[in-house]
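Protein chains get the first letters and strands the later ones, always in sequence-line order, with residue 1 at the start of each. Given the structure is predicted, the values throughout are model-derived calculations rather than measurements.
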Amino acid sequence: MAEPTTPLHTVSHGRTLPPEETLLSVRGLRKVYHTDGGDIEAVRDLTFDLGKNELTCLVGPSGSGKTTLLKCTAGLLAPTSGEVILDGKTVTGPPKKMAVVFQEYGRSLFPWLRVAANVELPLKHAGVDKAKRTALVEEALHNVGLDHVPQSYPWQLSGGMQQRVAIARAIAYQPEVLLMDEPFAAVDAQTRADLEDLVRKVRKELGISVLFVTHDIDESVYLGERVIMLSNSPTVVQEDLLVDLPEERDQLETRALPRFTELRHHVYEQIQLAKKGFRPDADPAQ
Amino acid sequence: MKRVLSGVAFTVALPIILIVLWWIFSTVSPSFFVPTPPELISTFFDTWFGPRLWNDVLPSIARFAVGVSIAIALGIVVGLLVGLNRDLRSFTEPVFEFFRALPPPVIIPVLLLLFGPSNTTKVVVIVLAAIWPVLLNTIEGVRAADPVQSDTSRSYGITGFARVRYQILPGAAPQILAGIRQALPIGLILMVISEMFGAFAGLGFSIIQFQRRFAIPEMWSGILVLGLLGYTVAVVFRAVERRILRWYYGLKELENG
Ligand SMILES: Nc1ncnc2c1ncn2[C@@H]1O[C@H](COP(=O)(O)OP(=O)(O)O)[C@@H](O)[C@H]1O
Ligand SMILES: [Mg+2]
């Protein structure tokens with residue numbers, strides 16, 4: 001591998017942004033699980049900002065606390081210390097304009113509701129009127145390529161299709177922040193490419209911010225404007241990398257760019273380091 | 001079509017064989033205590049399709065229906081409250097287990113003292129006996145709510161009553177209906193037993209009366225009424241359950257098939 005053509009924009013801590021560009025801030029987040037078997041420090045100290053209309057990818061070894069971070073961000077778990085701030089307000093419970101796509105997609109759908117009803121439920125509860133609801137549900141199902149199954153039950157669908165229903169539900173809800181936890185793990189390669197482009201499209205059209213957890217390094221570079229790499233557990237930010245690829249991404253062209261390869265290579269090395277136990281907070285030079 | 005017919009034949013075969021055997025034995029060696037099938041049928045219509053229908057059968061059924069409905073409603077409501085509240089659960093669980101372990105008929109003498117031989121006594125007996133399976137199954141079902149589903153509800157702001165309605169209740173429905181399935185025969189048993197103590201009308205009372213007067217075919221016909229009643233209740237319940245739990249049976253079929 002040759003040296004990067006241009007230097008990488010990378011820092012070994014989470015980037016913080018000026019307040020006017022920031023939508024979501026994570027500050028000194030720490031999460032300790034108290035279990036019968038003892039305490040588990042899943043997340044030690046995380047600080048970073050998520051910009052307005054920014055798509056940030058979060059990668060890290062499995063067990064590095066990605067899901068924990070996402071749940072704290074979503075207001076579903078109370079941090080042990082530190083805080084999450086959305087639009088200037090500390091998150092204490094699930095914020096209204098946030099949608100989460102859970103890693104356990106199959107279990108996040110209600111098996112007693114048909115596909116369309118699952119997608120519709122959050123809108124119905126939010127008091128969106130029937131005509132608008134129907135339109136949003138139809139559009140979301142169309143966007144994830146599931147126009148043909150609105151009357152099926154989720155458990156009649158394949159794992160990948162179930163995951164797309166969960167994505168459709170999140171998109172139809174029209175959130176301002178979308179949190180996604182390894183959402184494409186169960187879908188086939190072609191659908192995955194389509195859904196990646198869908199996430200970028202939705203982000204652009206709705207002007208929303210996306211925090212996207214993945215274990216796929218190619219995916220993180222292709223999708224993100226930024227890639228935050230996490231250390232092994234107990235977790236800190238290993239590195240925060242700016243993805244300086246063109247705004248318009250294309251499955252073939254973008255992935256063929258030399259810069260894409262450089263970035264991908266760099267993220268790969270960092271994840272390998274993280275797996276081996278290298279930690280920025282343990283480095284005396286830092 | 002052939003398959004349907006053979007299915008029907010299979011279902012009715014055993015009852016027919018049993019009736020034929022009964023007919024043969026009651027004809028070959030007649031007994032005062034066992035009527036023949038034609039005797040029983042004619043007694044059945046003579047006995048129950050007259051004033052007794054209004055005075056005994058329908059009031060019994062009404063008490064059963066009211067008692068079981070209250071038991072189901074109360075069992076579900078209390079079960080939801082207790083199931084959703086950990087403190088309330090550990091507070092109430094030992095008490096519930098104790099009352100569930102009591103054989104229901106022992107409360108009849110107590111209630112007779114409190115309310116006398118009234119409709120109230122009989123309905124309360126049915127409620128107190130039939131509520132436990134519904135209550136305890138509802139608690140279990142609520143407790144078993146999938147944490148991912150709960151996170152999903154919360155993240156979309158579906159909380160409180162809406163969460164109960166959209167997530168908890170449908171999710172617990174298989175368990176709740178299993179509880180109701182157990183509650184129905186218990187309700188029926190207590191309907192009969194409550195009429196055997198200090199009562200002056202009702203199905204259970206009539207059967208005891210016939211027995212004391214040695215009106216043997218009438219007594220058997222009363223038992224037939226009870227059997228038919230229990231069977232009808234079971235069939236109706238199954239139809240309702242199949243409808244409500246269509247998703248659940250489909251899912252199970254897929255998992256097991
Ligand atoms: N509810 C929980 N109770 C106890 N420990 C947990 C719980 N959830 C996660 N953990 C632990 O916290 C660590 C981080 O888990 P998680 O956030 O799921 O990581 P990731 O999503 O990156 O794989 C793991 O060691 C895991 O075992
Ligand atoms: Mg995870």
Side-chain angles (χ1 to χ4, degrees), chain A residues 67-68 70-78 91-115 117-128 151-158 162 165-166 169-170 172-175 177-181, chain B residues 76 79-80 83-86 90 137-138 140-180 239-257:
Chain A
T67 298
T68 304
L70 222 63
K71 284 192 177 163
C72 289
T73 311
L76 293 168
L77 266 182
V91 170
T92 52
K96 214 174 168 55
K97 273 287 145 192
M98 193 183 264
V100 187
V101 177
F102 292 92
Q103 193 171 1
E104 302 96 333
Y105 53 91
R107 285 165 55 201
S108 90
L109 298 173
F110 293 168
W112 48 88
L113 294 180
R114 292 167 196 274
V115 164
N118 261 291
V119 177
E120 188 185 9
L121 180 60
L123 298 168
K124 193 169 154 186
H125 179 65
V128 178
Q151 292 310 312
S152 298
Y153 284 107
W155 39 267
Q156 293 173 316
L157 309 179
S158 70
Q162 292 178 18
V165 177
R169 180 174 60 186
Y173 190 60
Q174 300 193 295
V177 188
L178 180 57
L179 308 179
M180 304 180 93
D181 197 353
Chain B
I76 293 177
L80 282 170
L84 286 170
N85 187 323
R86 191 190 308 250
S90 41
N137 272 275
T138 306
E140 263 317 298
V142 171
R143 261 170 53 140
D146 189 308
V148 181
Q149 285 174 8
S150 298
D151 273 352
T152 303
S153 294
R154 279 183 64 203
S155 74
Y156 286 115
I158 300 172
T159 55
F161 183 71
R163 175 164 170 255
V164 168
R165 175 173 163 208
Y166 293 126
Q167 184 212 334
I168 300 295
L169 210 48
Q175 281 261 35
I176 295 175
L177 283 157
I180 295 175
V240 173
E241 188 194 33
R242 282 268 149 194
R243 225 190 124 67
I244 297 178
L245 295 185
R246 193 180 315 167
W247 66 271
Y248 183 72
Y249 288 114
L251 179 67
K252 283 282 156 267
E253 212 168 280
L254 215 65
E255 276 176 2
N256 302 331

Could you grab the distance from atom [atom1] of [X] to atom [atom2] of [Y], nearest 0.5 Å is fine?
X	Y	atom1	atom2	result
H125(A)	T159(B)	NE2	OG1	5.5 Å
F102(A)	D151(B)	CZ	CG	4.5 Å
Y166(B)	N118(A)	OH	CG	13.0 Å
Y153(A)	R246(B)	OH	CZ	5.5 Å
Q167(B)	F110(A)	CD	CZ	4.5 Å

Give me the atom names and distance for the closest heavy-atom approach of [X] to [Y].
X	Y	value
P122(A)	Y156(B)	CB-CD2, 3.6 Å
D146(B)	R107(A)	OD2-NE, 2.9 Å
L76(A)	S155(B)	CD2-N, 4.1 Å

So for [X], is it side chain, backbone, both, or neither that comes closer than 4.5 Å to the heavy atoms of chain B?
X	result
A126(A)	neither
L179(A)	neither
R169(A)	both

(message) Between R154(B) (side chain only) and G75(A) (backbone N and O only), is there a donor and an acceptor less than 3.5 Å apart?
(response)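 Yes.
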(request) Find out whether E104(A) and P147(B) are in side-chain contact, i.e. whether some heavy atom of one side chain is under 4.5 Å from a heavy atom of the other. (result)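 A side-chain contact under 4.5 Å is absent here.
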(message) Taking every non-hydrogen pair under 4.5 Å, which of A74(A), P94(A), A99(A) racks up the most with chain B?
(response)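 Most heavy-atom pairs within the cutoff with chain B belong to P94(A).
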(message) Can you tell me which of L121(A), V101(A), V100(A), L113(A) forms the most heavy-atom pairs within a distance under 4.5 Å of chain B?
(response)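 Most heavy-atom pairs under 4.5 Å with chain B: L121(A).
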(message) Can you tell me which portion of L251(B) sits under 4.5 Å from chain A's heavy atoms? Options are side chain, backbone, both or neither.
(response)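 Interface part for L251(B): both.
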(request) Go through the atoms of E255(B) and report whether side chain, backbone, both or neither lie under 4.5 Å from a heavy atom of chain A. (result)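 Neither part, no heavy atoms under 4.5 Å.
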(message) Are there over 12 heavy-atom neighbours, none belonging to K252(B), within less than 6.0 Å of that residue's NZ?
(response)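 Yes, NZ of K252(B) has more than 12 neighbouring heavy atoms, counting only those of other groups under 6.0 Å.
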(message) Looking at chain A, which one of S153(B), G157(B), P170(B), A162(B) has the largest number of heavy-atom pairs inside 4.5 Å, strictly under?
(response)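 Of S153(B), G157(B), P170(B), A162(B), P170(B) has the most heavy-atom pairs under 4.5 Å with chain A.
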